[in-house]
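One structure is given below, encoded as structure tokens.
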Amino acid sequence: MTVRVRFAPSPTGYLHIGGARTALYNYLFAKATGGTFVLRIEDTDLERSKSEYETLQIDDLKWLGIIHDEGPDKPGKYGPYRQSERQDIYMKYALELVNKDLAYYDFCTDEELEAMRENAGKDGASAHYEGKWKLPEFKAEGMARVAAGEKAAIRFRAPLKEYVLNDRVKGQVTYPKDMVGDFVIVRSNGLPVYNYCCVVDDMLMEITHVIRGEDHLNNTVRQLMIYEALNAKVPEFAHVSLLIGHDRQKLSKRHGATSVNLYRNEHYLPEAMCNYLCLLGWSHPEERDIFDKNDLFKLFSLDRFSAHAAMYDLEKLKWVNGEHLKKMSTTDLISLIEKEPETEFFRQQSAEWKNACVELLKKYASFVTDFPKLVNELILNENPEMTDPLKEIMSWETTPKILNFISSEVHKVQSDFVTEAELNAWMESVKKDMAIKGKPLFMGVRAALTGHDHGPDLKFLIPLTPVNVLKKRVQQLSK
RNA sequence: GCUCCCAUCGUCUAGCCCGGUCUAGGACAUCGCCUUUUCACGGCGGUAACAGGGGUUCGAAUCCCCUUGGGAGUACCA
């Protein structure tokens, strides 16, 4: 059996972190099994669905490297891939269900339904739909009224029996026999409803494994009923636990950055994003934390999901991003940095300079965007801020002497950059001529040259710093 | 309310299915130490968890039940 999986987003907003994670799991499972990954757009909610969101979501998936084999933009033999374009199909099967008396027309108004709901539970009244159209004696009337052109919803007759699901994540799930009542599968406006479309599509698209969020676990009983009524093979299900925020509530907009495009705009590495997302609720068989998709293609499986919700944690994502950054080749990293805004200076430098700079700074960077920041702060900053630790160093009696000496030396330099040898010579002079050593020596020189009390090794940092910047700094600090 | 699902360090998790090897392992964060003629970088180490209560068993993080807590669903949303 060839695996066919799908990701079925609603185009009602940007691609959400949680959606990206389920998409990723589906994609990885397809890749790991040599299967097919289908993208289906669930746009039956006409009011909320917008076609621009469809494009945006597909873009974000592409950015993450989650590539579908079939979808609205990649037609295959199972199309169309937008539910809004599958009207006729849904109606065909719905009518079949009505004809077999597995579903019936329902003419109840919203008010009537509302009244029923309010009454539910009182005096032993059922919590489920108990409208008269459920009754066999109204069947013929219903058919006739619809034939005459009247509008009606189609309601599915929920069998009164227990259903059991063997979920790949949750294990055996038992749905008691009266868990759900008759439910609408086609609205009176003619549009079919999610739980129904989903089954028709999964059946017709020959989906073998449904990997989706746990929020669908309770829905599944309805879908099981429809599979049965349609005489379709039930796929395997894997209900992945949800992502939660710091308050342990389902991850949503109020938790901050929950849309993929936000991370994309901040130039997070897509590989790192996938790595981190994969780790939330799934574990590597060798307990590794850092991996890429190629590793996953070999060993991703449905057996390593955790059953409980996972908290989305920016700290660890930051670390994962940093690790992927360090794994990249210097060349690749340089080209990414050059795409960042405010990197004119960086771009103008020699290849040797860029290499040395990236090698030095990547120890301090977690994100690509950190590089311009670090260059500005560590290399190009002409006006050191008088922080308390810096004041402290400046107050030592040795520091003004060092500053004075360094200042005059810097001003003698003719070239654009100081060499490591020149820097060493200055250090030697301070040490010998002024008899300053140890902490006062190093901190004094560091303060004089960088205006900072900490940072990368001076012998690497100073040769990367333009001499004219050095001149301005010593001038500032000498005031 | 009803129904379903879940419960290991602050966080992500391994272990659980197939009880003993678990004085519960790893990672992030945090703290400390070492190194560096300095601070960072790096290296090393520490703190920190089986929700509670009952069973079953010679033995339970692992199996069963209850309680508590959390989450989800209960629509002519998806």
Side-chain angles (χ1 to χ4, degrees), chain A residues 8-12 42-45 47-49 83 106 108-110 113-114 117 120-121 127-129 151-155 165 167 169-171 173-176 178-181 183-195 197-198 212-222 239 241-242 244 246 248-250 276 279-290 303-304 306-320 323 360-364 378 389 393 427 431 436-447 450 452-458 460-461:
Chain A
S10 295
T12 54
E42 307 217 324
D43 54 353
T44 53
D45 184 350
E47 284 178 22
R48 293 198 296 150
S49 298
Q83 290 189 329
D106 177 14
C108 285
T109 60
D110 287 346
L113 292 171
E114 183 57 33
R117 261 194 294 274
H128 303 315
Y129 176 85
K151 298 222 180 296
I154 299 177
R155 196 174 279 273
L165 171 72
D167 190 85
V169 179
K170 302 290 180 186
V173 178
T174 307
Y175 304 98
D178 56 350
M179 188 170 169
V180 296
F183 55 95
V184 168
I185 56 174
V186 179
R187 302 172 176 97
S188 50
N189 66 6
L191 287 174
V193 155
Y194 165 76
N195 276 121
C197 301
C198 179
R212 58 175 19 165
E214 190 186 10
D215 45 343
H216 292 286
L217 189 60
N218 288 299
N219 279 325
T220 309
V221 65
R222 293 186 177 79
H239 285 97
S241 59
L242 264 18
I244 52 179
H246 278 104
R248 305 213 75 96
Q249 305 285 302
K250 185 174 168 179
Y276 176 68
L279 230 33
L280 286 177
W282 184 86
S283 63
H284 186 110
E286 289 155 34
E287 282 202 72
R288 284 178 45 203
D289 291 294
I290 301 298
D303 305 324
R304 300 198 59 84
S306 62
H308 59 270
M311 194 181 284
Y312 184 67
D313 172 28
L314 259 19
E315 273 302 329
K316 189 144 183 178
L317 171 57
K318 175 181 170 177
W319 174 75
V320 171
E323 290 303 300
L360 182 67
L361 297 187
K362 76 176 174 188
K363 294 180 208 158
Y364 300 87
L378 263 24
I393 298 167
M427 300 278 290
K431 195 170 157 184
I436 301 171
K437 59 178 182 176
K439 194 165 179 165
L441 166 67
F442 269 79
M443 287 309 253
V445 175
R446 175 179 290 285
T450 69
H452 272 110
D453 62 310
H454 65 89
D457 204 332
L458 287 180
F460 297 126
L461 182 64

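Proteins come first, then strands; the chains are lettered A, B, ... in the order of their sequence lines, and each starts at number 1.
Taking atom C1' in both B:rC50 and B:rA61, the straight-line distance is 5 Å, to the nearest Å.
Look at A:His284 and you won't find any side-chain N or O under 4.0 angstrom from OP1 or OP2 of B:rA27. Here A:Ser283 does not reach the OP1 or OP2 of B:rU13: none of its side-chain N or O atoms lies under 4.0 Å away. The shortest distance between the side-chain N/O atoms of A:Thr174 and the OP1/OP2 oxygens of B:rC4 is not below 4.0 Å. Proximity of A:Arg248 to the phosphate of B:rU11: a side-chain N or O atom is located under 4.0 Å from OP1 or OP2. Side-chain N/O atoms of A:Arg187 include one lying less than 4.0 angstrom from OP1 or OP2 on B:rA78. Dashed line: the shortest gap from a side-chain N or O of A:Arg222 to OP1 or OP2 of B:rA78 is not under 4.0 Å.
Residue-to-nucleotide contacts include a donor-acceptor pair under 3.5 Å from the side chain of A:Lys316 to the base of B:rA27. For A:Lys439 against B:rU37, a side-chain-to-base donor-acceptor contact under 3.5 Å is absent. A donor N or O paired with an acceptor N or O is found under 3.5 Å between the base of B:rA78 and the side-chain atoms of A:Asn219. Counting distance only, with no hydrogens placed and no angle test, the side-chain atoms of A:Glu214 and the base atoms of B:rG71 include no donor-acceptor pair under 3.5 Å. Between the side chain of A:Ser188 and the base of B:rC76 there is at least one donor-acceptor pair of N/O atoms closer than 3.5 Å.
Of the listed residues (A:Arg212, A:Glu214, A:His216), just one forms a side chain to side chain donor-acceptor pair (under 3.5 Å) with A:His239, and that residue is A:Arg212.
When both pairing distances are held under 3.5 Å, B:rG43 makes a Watson-Crick or G-U pair with B:rC33.
Residue contacts shown for A:Cys198 are absent, as no nucleic acid heavy atom lies under 4.0 Å away. Heavy atoms of A:Leu279 sit under 4.0 angstrom from primed sugar atoms or phosphate atoms, though from no base atom.
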